[in-house]
Trainee: 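I have a structure I would like to understand better, so I am pasting it below and will then ask my questions one at a time.
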Amino acid sequence: MTAMLEVRGLTRRFGGLVAVNDLTFEVNEGEMIGLIGPNGSGKTTTFSMLSGALRPSSGTIAFNGERIEGLKANKVCRKGLARTFQVVQPFPDITATENVMIGAFVNTGGGRQAEAKAREELERVGLTPKADTLAKELTLLQLKRLEIAKALATEPKLLLLDEVAAGLTSTEVDVMLKLVRQLNTEGITCIIVEHVMRFVMNLSHRCIVIDFGSQIAEGTPEEVLNNPAVHAAYLGEEASIA
Ligand SMILES: Nc1ncnc2c1ncn2[C@@H]1O[C@H](COP(=O)(O)OP(=O)(O)OP(=O)(O)O)[C@@H](O)[C@H]1O
Ligand SMILES: [Mg+2]
């Protein structure tokens, strides 16, 4: 069986800096993969390349057997690969529903259809009570829910979650954990980038650890947590792995 996502030798340079260095990994359908590493290790850059926002310097990305590296973000999105953004940036002066409609336009025709889709996704992430609230009036947890709803509205098979638990209180992390687990039960495969270890370790079937753009470990959450190389990479980090 071919993997849903096959990444081979993925590399991205910014001038002299190698932000992502020769990454090779696979993600199978239904899996929850944690992609972790210290600040600046190349996680968001990896997501940007997978989602078509950034062109790889070299390497290949195959999604459901089809090569997608270098494709524009809207094309990648239509194939069923969506991401959330580390820094949530909704349009502040329109409602939650209208923000999600922007994602819904990817696969739906007219405005009414997109609105129905948006309301459906808001329901799915538990944001129905705020459907008609302006985005600028939402709390951080609600904004994170909105960010996920926007991605869901594009009907992803593979969802890249970039720090959806960051900045949340412990109770809110639990709420988000439940939501993401629910999405997986509904058939969505996820790659989870996260510094909140409790979140990513609870959700992931398998973790990939990167440092300075290169993979340094891979295994079950327990295996990577017990890996000395992983501890060394996180030494001095604010978000300690322990
Ligand atoms: N557009 C860019 N131009 C130049 N350098 C960049 C650019 N984007 C990222 N970088 C650099 O590439 C490296 C990887 O950054 P990236 O944002 O992928 O890290 P990250 O693992 O997501 O970090 P964090 O955990 O802090 O979000 C960093 O050194 C960063 O400064
Ligand atoms: Mg990042």
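Note that ligands are numbered from 1 as they come in the structure, with each ligand's atoms numbered from 1 the same way.
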Trainee: Is it true that a side-chain atom of Thr185 and a backbone atom of Arg181 form a donor plus acceptor pair closer than 3.5 Å?
Mentor: yes
Trainee: Compare Pro38, Gly42, Gly15 and give the one whose heavy atom is closest to atom 19 (O) of ligand 1.
Mentor: Gly42
Trainee: Just by distance, do the side chain of Lys75 and the backbone of Ile68 share a donor-acceptor pair under 3.5 Å?
Mentor: no
Trainee: Considering the heavy atoms of Thr45, write down every atom of ligand 1 situated less than 4.0 Å from one of them.
Mentor: 9 (C), 14 (C), 15 (O), 16 (P), 18 (O)
Trainee: Before signing off on this row, confirm whether Thr46 and ligand 1 have an N or O atom pair separated by under 3.5 Å.
Mentor: no
Trainee: Has the side chain of Thr189 got a donor or acceptor atom that lies under 3.5 Å from a matching backbone atom of Gly30?
Mentor: yes
Trainee: Should Arg12 and Asp22 count as an ion pair when the cut-off is N to O under 4.0 Å?
Mentor: no
Trainee: May I ask you to list the atoms of ligand 1 that are less than 4.0 angstrom from any heavy atom of Gln86?
Mentor: 27 (O)
Trainee: Between the side chain of Thr24 and the main-chain N/O of Gly9, is any donor-acceptor distance below 3.5 Å?
Mentor: yes
Trainee: Of the backbone atoms (N, CA, C, O) and the side-chain heavy atoms from C-beta on, which set of Leu17 has a member under 4.0 Å from an atom of ligand 1: side chain, backbone, both, or neither?
Mentor: side chain
Trainee: Can you check whether Gly40 has an N/O within less than 3.5 Å of an N/O in ligand 1?
Mentor: yes
Trainee: Pick out which of Lys117, Glu121, Glu120 makes a side-chain contact (heavy atoms from CB on, under 4.5 Å) with Val100.
Mentor: Glu121
Trainee: Can you check whether Met49's main-chain N or O pairs, donor with acceptor, with Ser51's side chain at less than 3.5 Å?
Mentor: no
Trainee: Within the protein, is there a heavy atom lying under 4.0 Å from atom 31 (O) of ligand 1?
Mentor: no
Trainee: Need one value: angle at the Mg ion (ligand 2), Thr44 atom OG1 versus Gln86 atom OE1, rounded to 10 degrees.
Mentor: 80°
Trainee: Which residue supplies the protein heavy atom nearest to atom 2 (C) of ligand 1, what is that atom called, and how far is it?
Mentor: Phe14 CE2, 3.4 Å
Trainee: I need the atoms of ligand 1 closer than 4.0 Å to a non-hydrogen atom of Ala19, numbered in the order shown.
Mentor: 12 (O), 13 (C)
Trainee: Between Arg13 and Ser58, is there a side-chain donor-acceptor contact under 3.5 Å, judged purely by atom types and distance?
Mentor: no
Trainee: Any donor-acceptor pair under 3.5 Å linking the side chain of Asn227 with the backbone of Glu223?
Mentor: no
Trainee: By number and element, which atoms of ligand 1 are closer than 4.0 Å to a non-hydrogen atom of Glu163?
Mentor: 25 (O), 27 (O)
Trainee: Looking only at protein heavy atoms, which one is nearest to atom 26 (O) of ligand 1, and what is the separation?
Mentor: Asn39 ND2, 2.9 Å
Trainee: Nearest to atom 17 (O) of ligand 1, what protein heavy atom do you find, and at what distance?
Mentor: Thr44 CB, 3.8 Å
